[in-house]
Amino acid sequence: MRNKASFKDRVLVVVSKIPKGKTLTYKQVAAMAGSPNAYRAVGNIMSKNKDPKVPCHRVIKTSGETGGYSGTGGRAGKVKILKKEGAI
DNA sequence: CGTATGACGTGCA
DNA sequence: GTGCACGCCATAC
């Protein structure tokens, strides 16, 4: 189905498909979205992400760091969640 | 349409 | 091991 889903929507879908206890890197998500070099846009979209159904906290940097997070506790809260999920 | 912004990545000193 | 600078793409205004 050729939805008009833009890169933004596509990324949101990919991230929402991440299973619990699993983490993907911005580059991985961008690659799954169709643009392996758009990891920049991925982070940008996440920050603007208005879909609470998208576990953006499961998206981390390629370095293995948590990166950023616009949620409760910021990066600290993100790590806390990942630990709870078992991703760490 | 053009500009500015951003939760990144990589290389080099 | 740390810090700085550049480059990349897409979105929003």
Side-chain angles (χ1 to χ4, degrees):
Chain A
M1 315 240 236
R2 282 284 163 194
N3 281 354
K4 35 201 151 82
S6 297
F7 186 76
K8 177 174 85 72
D9 292 290
R10 196 160 19 212
V11 172
L12 294 171
V13 174
V14 174
V15 177
S16 68
K17 277 175 182 163
I18 300 175
K20 184 181 109 173
K22 182 86 171 210
T23 49
L24 286 177
T25 66
Y26 288 99
K27 217 186 269 193
Q28 282 288 303
V29 176
M32 294 211 216
S35 295
N37 294 318
Y39 47 75
R40 238 334 147 147
V42 176
N44 193 6
I45 290 157
M46 291 297 178
S47 69
K48 290 167 177 186
N49 155 17
K50 59 192 189 6
D51 273 314
K53 71 198 272 341
V54 180
C56 34
H57 64 257
R58 283 189 192 144
V59 186
I60 59 174
K61 304 213 309 183
T62 31
S63 310
E65 295 294 308
T66 53
Y69 183 60
S70 290
T72 310
R75 292 178 293 247
K78 181 171 179 175
V79 176
K80 193 173 172 169
I81 295 167
L82 292 172
K83 249 188 209 187
K84 242 172 167 292
E85 302 267 311
I88 302 177

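Residue numbers begin at 1 in each chain, while the letters A, B, ... track the order of the sequences. Since the model is a prediction, treat every value here as computed from it, not as a measurement.
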Taking atom P of C/dC13 as reference, at what distance in whole Å does atom CG of A/N44 sit? 11 Å

Nearest 0.5 Å please: distance from the NZ atom of A/K78 over to the OG1 atom of A/T23. 9.5 Å

Without decimals, in angstroms, what is the distance between A/I18 CD1 and B/dA7 C1'? 14 Å

Atom-to-atom span, CG of A/L12 to C1' of C/dA10 - whole angstrom: 12 Å

Could you please name the option among B/dG6, C/dA12, B/dA7 that lies closest to any side-chain atom of A/C56? B/dA7

Roughly how many Å is it from OH in A/Y69 to P in B/dG6, rounded to a whole number? 19 Å

Between CG of A/N37 and C1' of C/dA10 the distance, given in whole Å, is 12 Å

Considering every strand and a 4.0 Å limit on heavy-atom distances, what is the contact class for A/A41: base, sugar-phosphate, or nothing? base

Over how many whole Å does the gap from A/K48 atom NZ to C/dA10 atom P extend? 14 Å

Closest non-hydrogen atom pair, A/A30 against A/A38: CB-C, 3.8 Å

Other than A/V14, what residues sit in its cluster of Ile, Leu, Val, Met, Phe, Trp and Tyr side chains whose heavy atoms are under 4.5 Å apart, directly or through others? A/F7, A/V11, A/L12, A/V15, A/I18, A/L24, A/Y26, A/V29, A/M32, A/Y39, A/V42, A/I45, A/M46, A/V54, A/V59

Between CZ of A/F7 and P of C/dC9 the distance, given in whole Å, is 11 Å

Strictly distance-based, threshold 3.5 Å: is any side-chain N or O of A/K27 a donor or acceptor partner for the main-chain N or O of A/T62? no

Separation of A/K8 atom NZ from C/dC13 atom C1', in whole Å? 15 Å

Please list each protein N or O that sits under 3.5 Å from an N or O in nucleotides 9-13 of chain B, with the distance.
{"unit_1": "B/dG9", "atom_1": "OP1", "unit_2": "A/T62", "atom_2": "N", "d": "2.6"}
{"unit_1": "B/dG9", "atom_1": "OP1", "unit_2": "A/T62", "atom_2": "OG1", "d": "2.1"}
{"unit_1": "B/dG9", "atom_1": "O4'", "unit_2": "A/Y39", "atom_2": "OH", "d": "3.3"}
{"unit_1": "B/dG9", "atom_1": "O3'", "unit_2": "A/K27", "atom_2": "NZ", "d": "2.8"}
{"unit_1": "B/dT10", "atom_1": "OP1", "unit_2": "A/K27", "atom_2": "NZ", "d": "2.9"}

Knowing that exactly one of A/R58, A/K22, A/K20 qualifies, which makes a side chain to side chain donor-acceptor pair (under 3.5 Å) with A/E85? A/R58

When hydrophobic residues are tied together by side-chain contacts of less than 4.5 Å, even through go-betweens, does A/I88 share a cluster with A/I81? no

From B/dT5, C/dA12, B/dA7, pick the nucleotide closest to the side chain of A/K78? B/dA7

Identify, with sequence neighbours excluded, every residue that meets side chain to side chain contact (heavy atoms under 4.5 Å, CB included) alongside A/R10. A/A33

